[in-house]
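Taking it in order: structure first as structure tokens, then the write-up.
Heads up: numbering here begins at 1 and tracks the sequence.
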Amino acid sequence: MGWFSKKDNDKRLRNNPSDMSPLEAVTHLCAAIQLADGQLDYQEREEWVLAVTELFPEFSEDRADNFLVEAQTTINQLNSSEKNQHLKEVLDRIKTLLEDDQITTLSSKIANLIEADGIIMTSEIEIASMIEKELGVTITLDENL
């Protein structure tokens with residue numbers, strides 16, 4: 001009965017970060033931020049759409065939506081340590097795939113995403129710090145939120 005085990009199905013649905021496309025890697029990063037405060041909201045989804053639209057003008061909306069669902073499912077199944085490792089691998093992939101100007105654009109979009117719901121959570125600040133360290137960027141957040 002191993003054919004139908006959850007573990008086998010999960011492996012098939014997940015794409016290893018080292019095999020992700022640029023759109024997929026950015027989507028996994030954004031999904032990690034969206035899920036960091038334990039809830040998804042409309043404003044965060046809209047900020048993700050704006051980010052991928054600017055970074056990848058020719059992207060397929062259906063493909064991006066599929067990546068977002070996959071990313072959310074994957075991240076929700078990971079424990080805290082696994083989430084951190086997954087995020088680090090995604091950031092390594094982004095560093096490999098994106099040009100410097102795209103990474104700079106991404107950092108400003110990440111700030112917008114974190115601020116989208118009007119509350120900045122400690123978990124989001126921790127992710128922002130990891131992004132800054134791994135990608136060599138600065139993410140400026142509104143301290144009044």
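- If you take CD on E99 and OG1 on T104, they are separated by 11.0 Å, rounding to the nearest 0.5 Å.
- Inter-residue side-chain proximity for Q43 and W48 is flagged as unmet; no heavy-atom pair is nearer than 4.5 Å.
- Expressed to the nearest 0.5 Å, how far CZ of F56 lies from CD of Q102 amounts to 6.0 Å.
- Going from atom NZ of K109 over to atom CG of L55 covers 8.0 Å, rounded to the nearest 0.5 Å.
- Using a 4.5 Å cut-off between side-chain heavy atoms of Ile, Leu, Val, Met, Phe, Trp and Tyr, with links allowed through other members, L135 and I139 fall into the same hydrophobic cluster.
- Between A32 and L87 the shortest heavy-atom distance is CB-CD1, 4.1 Å.
- Remark: L29 CG to I127 CD1 distance equals 8.0 Å, nearest 0.5 Å.
- When the side chains of ILVMFWY residues are joined at heavy-atom separations under 4.5 Å, either directly or via intervening members, V52 and L35 end up in two distinct hydrophobic clusters.
- Between L50 and E54, every side-chain heavy-atom pair lies at or beyond the 4.5 Å cut-off.
- Between the side chain of E124 and the backbone N or O of M121 there is at least one donor-acceptor pair closer than 3.5 Å.
- Taking hydrophobic clusters as Ile, Leu, Val, Met, Phe, Trp and Tyr residues chained together by side-chain heavy-atom distances below 4.5 Å, L40 does not share a cluster with I114.
- Linking Ile, Leu, Val, Met, Phe, Trp and Tyr residues whenever their side-chain heavy atoms come within less than 4.5 Å places L91 and L106 in a single cluster.
- Using a 4.5 Å heavy-atom cutoff, the side chains of C30 and L113 are in contact.
- We find the CZ-CG distance between F67 and L23 to be 5.5 Å, quoted to the nearest 0.5 Å.
- A71 and T27 get closest at one heavy-atom pair: CB-O, 4.2 Å.
- Proximity of a side-chain donor or acceptor of Q34 to a complementary backbone N or O of D41 within less than 3.5 Å is not detected.
- Although no hydrogens or angles enter the test, the distance criterion places no donor-acceptor pair under 3.5 Å between the side chain of S107 and the main chain of V137.
- Residues satisfying the side-chain contact (heavy atoms from CB on, under 4.5 Å) test with K133, not counting sequence neighbours, are none.
- Taking 4.5 Å as the limit, every side-chain heavy atom of I131 sits out of range of all side-chain heavy atoms of I94.
- For the side-chain hydrogen bond (donor to acceptor under 3.5 Å, both in side chains) with H28, the lone residue among H86, E89, R93 that qualifies is H86.
- With N79 contributing its side chain and E82 its backbone, the two residues share a donor-acceptor pair below 3.5 Å.
- Residues R63 and S21 meet the side-chain proximity criterion, which asks for heavy atoms closer than 4.5 Å.
- The nearest pair of heavy atoms linking L98 to P22 is CD1-CB, 3.9 Å.
- In this view, D65 and R45 satisfy the side chain to side chain donor-acceptor pair (under 3.5 Å) rule, not counting sequence neighbours.
- Going from atom CE of M20 over to atom OG1 of T96 covers 12.5 Å, rounded to the nearest 0.5 Å.
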